[in-house]
Amino acid sequence: MSQIIQWFPGHMAKAFRLMRENLKHVDIVFELVDARIPLSSRNPELDEVLGDKPRLIVMTKTDLADPERTSIWRAYFESQGLSVVSLDTRGHKTPQIITKAARLVLADKWANLAEKGVQDKAIRALVAGIPNVGKSTLLNHLVTKNVAITGNRPGVTKKLQWLKTPTNLELLDTPGVLWPKFVDQRVGQHLAMTGAIKDQLINLDDIALAVLKFFREYNPEAITTRYHLNKDIWETQSDVDVLLTITQKLGFKDDYNRAAERMLLDLRRGKLGRYTLELPSDNIGEVVDES
């Protein structure tokens, strides 16, 4: 039986409380979403916390995601009435893209302020998202200097901090937050694949097998090329056997856990090509009524 994945450190519960307390001080929320897992990386508890506060969906890590699927997800979010931008957060135009999009979301409010004589008011935004979604990288590029600690691992940011940008944004950075229980274990798998959950808390071989299952249908050539496998391996071997073959190809003998770790690192660093694990039609995270 595959592992039930959960991770909800104490600082995340505190983060939700601090978000609620500071929401009245911001004009808009930037909700960061990993373009590789656009649904699994959306925290369902944020809706309750944020209420009707204006929101901008920022799809991050598009340089690692399938561009065709990114377009599909953008159209989906827009069909839900959400404002959305998709970008590589390290791009030099990122500050202008984010600021322009935020001003469009707040256009009516800013017009009302202008009528009252308020000009050039800074936009105050709360920046929220799951662990390892790229918040710190985005903030550093918006502020144009390294003010937020970055790292390709979850749980780097542990407290709230205000940051100012040259484009007249004032940003409230928040720790990455997950939620206490995943109703669909595919959500946990996808978060584990992309590094939103610490590797020490998951069975790496289970997640590696989930990766192989996905690529078997999505792009098997990426696996066969990366690990120098025969192309007919998918017709003759199960996912478990493929993992064992990869283990041997990597020179790890029978240490398949080490091979699983290598595969996940390759996946996260783009060594297996650009990919998106989900489509809107997949119904990821929906609760099925079995009564």
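Computed from a predicted structure; not experimentally measured.
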Q. Side chains of Met263 and Leu212: closer than 4.5 Å at any heavy-atom pair?
A. yes

**Q.** Arg36-Thr194 side chain donor-acceptor pair, cut-off 3.5 Å
**A.** no

Q) Is it true that Lys253 and Asp255 make a salt bridge, defined as a side-chain N closer than 4.0 Å to a carboxylate O? A) no

Q) So, for Leu277 and Arg69, which heavy atoms are closest and what is the spacing to 0.1 Å? A) C-NH1, 4.3 Å

Q: Could you pull out the closest heavy-atom pair between Ala125 and Val26, with the gap in Å?
A: C-CG1, 4.1 Å

**Q.** Side-chain touch Arg124/Trp162, heavy atoms, less than 4.5 angstrom
**A.** yes

Q: Evaluate the side-chain proximity of Arg268 to Leu264: yes if any heavy-atom separation is below 4.5 Å, no if none is.
A: yes

N/O donor to acceptor pairs below 3.5 angstrom from side-chain atoms of residues 96-105, sequence neighbours left out:
residue, atom, partner, partner atom, Å
Thr99, OG1, Pro95, O, 2.7
Thr99, OG1, Thr167, OG1, 2.8

(Q) What I want to check is whether the side chains of Asn140 and Thr137 have a donor and an acceptor closer together than 3.5 Å. (A) no

Q | Smallest separation among heavy atoms of Lys135 and Gly129, with atom names | A | CD-N, 3.8 Å

Q: Answer yes or no: is there a side-chain heavy-atom contact under 4.5 Å between Leu191 and Val187?
A: yes

Q. How far apart are the closest heavy atoms of Asn230 and Thr224, and which atoms are they?
A. O-CG2, 4.0 Å

Q: Could you pull out the closest heavy-atom pair between Pro131 and Leu178, with the gap in Å?
A: CD-CG, 3.7 Å

Q: Just say parallel, tilted or perpendicular for the rings of Trp73 and Phe77, cut-offs at 30° and 60°.
A: tilted

(Q) Measuring only between side-chain heavy atoms, which start at C-beta, is Leu18 closer than 4.5 Å to Phe16? (A) no

Q: Any chance you could lay out the salt bridge (Lys or Arg N to Asp or Glu O under 4.0 Å) test for Asp88 and Lys61, step after step, and finish with the verdict?
A: CA-CA 5 Å; Asp88 176 354; Lys61 305 195 178 185; over 6 Å; no

Q.
If we check salt bridge (charged side-chain N to carboxylate O under 4.0 Å, His left out) with Asp27, which of these qualifies: Lys53, Lys121, Arg55?
A. Lys121

Q) Would a distance-only check, ignoring hydrogens and angles, find a side-chain to backbone donor-acceptor pair under 3.5 Å from Thr276 to Asp66? A) yes

Q: Show your reasoning for whether side-chain contact (heavy atoms from CB on, under 4.5 Å) applies to Val85 and Ile57.
A: CA-CA 6 Å; Val85 294; Ile57 302 293; over 6 Å; no

Q | Validation row: Tyr227, Leu272 side chains within 4.5 angstrom (heavy atoms) | A | yes

**Q.** Student check: side-chain heavy atoms of Met19 and Leu46 closer than 4.5 Å
**A.** yes

Q: Heavy atoms only: give me the nearest Glu278-Ile37 pair and the separation to one decimal.
A: OE1-C, 3.3 Å

Q. Who else is in the cluster with Leu279 when I, L, V, M, F, W and Y are joined by side-chain contacts under 4.5 Å?
A. Ile72

Q. Just how far is it from atom CD of Glu235 to atom CZ of Arg216, taken to the nearest 0.5 Å?
A. 9.5 Å

